[in-house]
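Residue numbers start at 1 and run along the sequence shown. Side-chain atoms are counted along with the backbone in the values below, which use heavy atoms only and exclude waters and symmetry mates.
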Amino acid sequence: MRFGLFYELQLPRPWQPDSELRSVHETLEQIELADRLGYDFAWMVEHHFLEEYSHCSAPEVLLGAASQRTRRIRLGHGIMVLPQRFNHTARVAERIATLDLLSHGRVEFGSGESTTEAELGGFGVARGTKRAEWLEALGAAARMFVEEPFAGHDGTFLSMPPRNVIPKPLQKPHPPLWTACIKRESLAAAAEKGLGALTFSFVEPEDARKWVGEYYAALESQACVPVGFSVNPQVAMTMYLMCDADDARARMRGLDGHRFFARSLAYYFGVGSPAPGRTDLATELGLDLSRPRGAESAPERLDGAFGAVGGPDKVREVLRRYEAAGVDQILLIAQSGRIRHEHICESMELFAREVMPEFHERHERLEREKMQRLRPAIEQALARREPPRRAAPGYRIPPTAGPKPPVPPGR
């Protein structure tokens, strides 16, 4: 398996004048450290208006900064929101390609449609059409990466004449494509489109085996018609991270922050009704973040979502079960609630030193065997996909309307 750090930029109240400043720069320091330690991915969400839960509304800016402070770690949008009122498709393609050039080809392009009323209502996106908007935009963005010029699009939600969308990404035909998956059936839907599955549900290892099996069965079926021009056969699943040599100290440092993450997630994505600028989430959720009490309030055994909270031996044992289930990547949530920056860094260092190596040692062989098995199915799936389109040979952009610009003196 490979390992990625997954960032929401959580920031519980009360806030200080420099709270957001520290959050942004501590995140960049953690990604820089992750690059040195050998972590494989850094993933950034795109969320809007979700106070305290996520202050990561401009992931492309943060990932651009991270690209200049790192050399090896892959930089992922997990995910960019594609309905037009959030992000126009041409701007999506331009930003992804630019980031791919900045990072020397290290971009992972995850996309999705958004879920919360705070975001959909804020941007005026209809819940009933958001999935269709996402899929149409993703198909057009994939064409913008490879068509020169982009042959134009006349669809339900996007209408655009031929234009050469520049720059083009360094990775060919384009960066690996992923999508957000919440429910079990959404993994098979991702596979049918040739997309990697960023699974943002917390799934027990034994259940993960079923989810992964259904994903790969769909990818190898006749139903797989890639939305892009490559297939990305990958399943990632999510866990909280706080690794410490002392199991009780790991719980004390990590559990309260991770519980805040879990409950604020349920609040915004469920029945929560926040008052913008006024709601105090910890109070509303019945959490006391003023003192650590993780160890005294935890069950004897932590598993599933909390399987990477504890000592290295315990964490390795849990991760082996996910590896046996066929999971390709674990998305590690290290930054949540009020977990201190130095504790996050110490946890990252111990995990990289004591846990990651054995999984990395096996990964290349297991990935090579998997790709050999999937190669015929991937070739057949790509053959079912419509090839890039061509713009009409005689097409020209009409002249700009208005008076002619003044002639400079002496010309």
Side-chain angles (χ1 to χ4, degrees), residues 1-10 21-46 54-56 58-80 95-110 169-171 175-176 178 196 198 232 234 236-244 254 308 312 315-316 319 327-336 339-364 367:
M1 287 192 306
R2 293 186 292 180
F3 298 93
L5 294 172
F6 180 73
Y7 284 96
E8 296 271 7
L9 271 64
Q10 294 222 308
L21 176 70
R22 285 189 296 104
S23 174
V24 165
H25 287 280
E26 287 175 356
T27 295
L28 289 173
E29 289 175 17
Q30 290 164 27
I31 295 173
E32 191 173 2
L33 174 63
D35 185 58
R36 295 198 303 269
L37 292 173
Y39 286 80
D40 302 287
F41 299 86
W43 294 94
M44 289 279 181
V45 302
E46 179 188 339
S54 177
H55 289 234
C56 190
E60 65 280 357
V61 179
L62 278 167
L63 290 171
S67 76
Q68 301 306 291
R69 298 173 65 148
T70 57
R71 292 293 175 265
R72 189 199 57 82
I73 196 167
R74 294 191 64 82
L75 305 172
H77 279 274
I79 49 77
M80 185 183 289
R95 296 202 304 260
I96 292 293
T98 300
L99 180 59
D100 206 43
L101 296 172
L102 276 173
S103 65
H104 293 273
R106 290 186 281 138
V107 173
E108 304 280 324
F109 178 24
L170 181 62
Q171 298 178 85
W178 301 73
L198 292 168
N232 183 31
Q234 300 287 322
M237 292 197 168
T238 312
M239 297 173 68
Y240 299 110
L241 174 67
M242 177 50 70
C243 189
D244 192 278
V315 173
R316 272 196 306 271
L319 289 173
V327 175
D328 299 292
Q329 181 185 161
I330 296 294
L331 306 172
L332 295 164
I333 300 172
Q335 187 272 324
S336 62
I339 299 178
R340 291 167 56 181
H341 172 59
E342 58 266 32
H343 292 167
I344 293 171
C345 294
E346 290 172 11
S347 170
M348 289 170 55
E349 289 171 349
L350 183 61
F351 184 89
R353 186 171 64 250
E354 301 291 336
V355 178
M356 280 200 313
E358 73 164 80
F359 298 96
H360 277 169
E361 287 172 7
R362 290 190 290 267
H363 178 77
E364 285 192 17
E367 184 69 8

Practice prompt. State plainly whether the residues Glu349 and Arg353 are in salt-bridge range, i.e. N to O under 4.0 Å.
Written response: no
Fill in: Contact check, side chains of Leu75 and Glu108, non-hydrogen atoms, under 4.5 Å
no
Worksheet item: Considering only heavy atoms from C-beta outward, does the side chain of Asp328 approach that of Arg2 to under 4.5 Å?
Response: no
Worksheet entry | Short side-chain donor-acceptor distance under 3.5 Å, Thr70 and Arg106 | yes
Practice prompt. With rounding to the nearest 0.5 Å, note down the distance linking CE in Met44 to CG in Leu63.
Written response: 5.5 Å
Worksheet entry | His360 NE2: over 12 foreign heavy atoms closer than 6.0 Å | yes
Worksheet, complete the sentence: Heavy-atom closest pair (Leu170 atom, Gly105 atom, distance to 0.1 Å) is CD2-N, 3.5 Å
Response to the item:
Taking every heavy atom of Leu5 against every heavy atom of Ala334, the minimum-distance pair comes out as CD2-CB, 4.4 Å
Worksheet item: Who are the side chain to side chain donor-acceptor pair (under 3.5 Å) partners of Arg340, not counting sequence neighbours?
Response: Glu342
Fill in: Chi angles and distances behind the side chain to side chain contact (heavy atoms under 4.5 Å, CB included) call for Asp40, Arg74
CA-CA 6 Å; Asp40 302 287; Arg74 294 191 64 82; over 6 Å; no
Fill in: Aromatic plane relationship, Tyr39 with Phe351 - under 30° parallel, 30 to 60° tilted, over 60° perpendicular
parallel
Fill in: Test item: Ser67 side-chain N/O and Gly64 main-chain N/O as donor-acceptor pair under 3.5 Å
yes
Practice prompt. Take Glu46 and Ile79 through the test side chain to side chain contact (heavy atoms under 4.5 Å, CB included) and record every step on the way to the result.
Written response: CA-CA 6 Å; Glu46 179 188 339; Ile79 49 77; 5.7 Å; no
Worksheet item: Taking Arg72 for the side chain and Gly38 for the main chain, is one N or O donor matched with an acceptor at less than 3.5 Å?
Response: yes
Worksheet item: Taking atom NE2 of His25 and atom CG of Leu21, what is their separation to the nearest 0.5 Å?
Response: 4.5 Å
Fill in: Distance-only donor-acceptor check, side chains Trp43 and Glu8, under 3.5 Å
no
Practice prompt. Could you check Phe6 against Gln335 for side chain to side chain contact (heavy atoms under 4.5 Å, CB included), going step by step and ending with a plain yes or no?
Written response: CA-CA 8 Å; Phe6 180 73; Gln335 187 272 324; over 6 Å; no
Worksheet entry | Contact check, side chains of His343 and Ser347, non-hydrogen atoms, under 4.5 Å | no
Worksheet item: Between Pro175 and Ile96, is any pair of side-chain heavy atoms under 4.5 Å apart?
Response: yes
Worksheet item: Are any of the side-chain heavy atoms of Leu198 and Met237 separated by less than 4.5 Å?
Response: no
Worksheet item: Do Ile339 and Met242 have side chains that get closer than 4.5 Å, going by heavy atoms?
Response: yes
Worksheet item: Okay, side chain of Asp35, backbone of Ile73: is any donor-acceptor separation there less than 3.5 Å?
Response: yes
Worksheet item: Do Trp178 and Asn232 have side-chain heavy atoms sitting under 4.5 Å apart?
Response: yes
Practice prompt. Return yes if a side-chain donor-acceptor contact under 3.5 Å exists between Glu367 and Gln234, otherwise no.
Written response: yes
Worksheet item: Are any side-chain N or O atoms of Gln68 and backbone N or O atoms of Leu102, one a donor and one an acceptor, separated by less than 3.5 Å?
Response: yes
Discussion item. Could you check, using the six-membered ring where one of them is a Trp, whether Phe3 and Phe359 have ring centers closer than 6.0 angstrom?
Written reply: yes
Discussion item. As a quick check of understanding, evaluate side chain to side chain contact (heavy atoms under 4.5 Å, CB included) for Arg36 and Arg71, giving each step before the final call.
Written reply: CA-CA 9 Å; Arg36 295 198 303 269; Arg71 292 293 175 265; over 6 Å; no
Worksheet item: When rounded to the nearest 0.5 angstrom, what distance separates CG in Leu28 from CZ in Arg69?
Response: 5.0 Å
Worksheet item: Any side-chain heavy atom of Leu99 within less than 4.5 Å of one from Glu60?
Response: no
Worksheet item: Measuring from Ile333:CD1 to Gln10:CD, what's the distance to the nearest 0.5 Å?
Response: 8.0 Å
Item to complete: May I ask you to decide if Leu9's main-chain N or O and Ser23's side chain share a donor-acceptor pair within less than 3.5 Å?
Response: no
Worksheet entry | CG-CG distance between Leu241 and Leu350, expressed to the nearest 0.5 angstrom | 9.5 Å
Discussion item. Test your reading of the model: is there a side-chain donor-acceptor pair from Gln171 to the backbone of Val107, 3.5 Å cut-off?
Written reply: yes
Discussion item. With rounding to the nearest 0.5 angstrom, report the CD to NE2 distance, Glu358 to His363.
Written reply: 14.5 Å
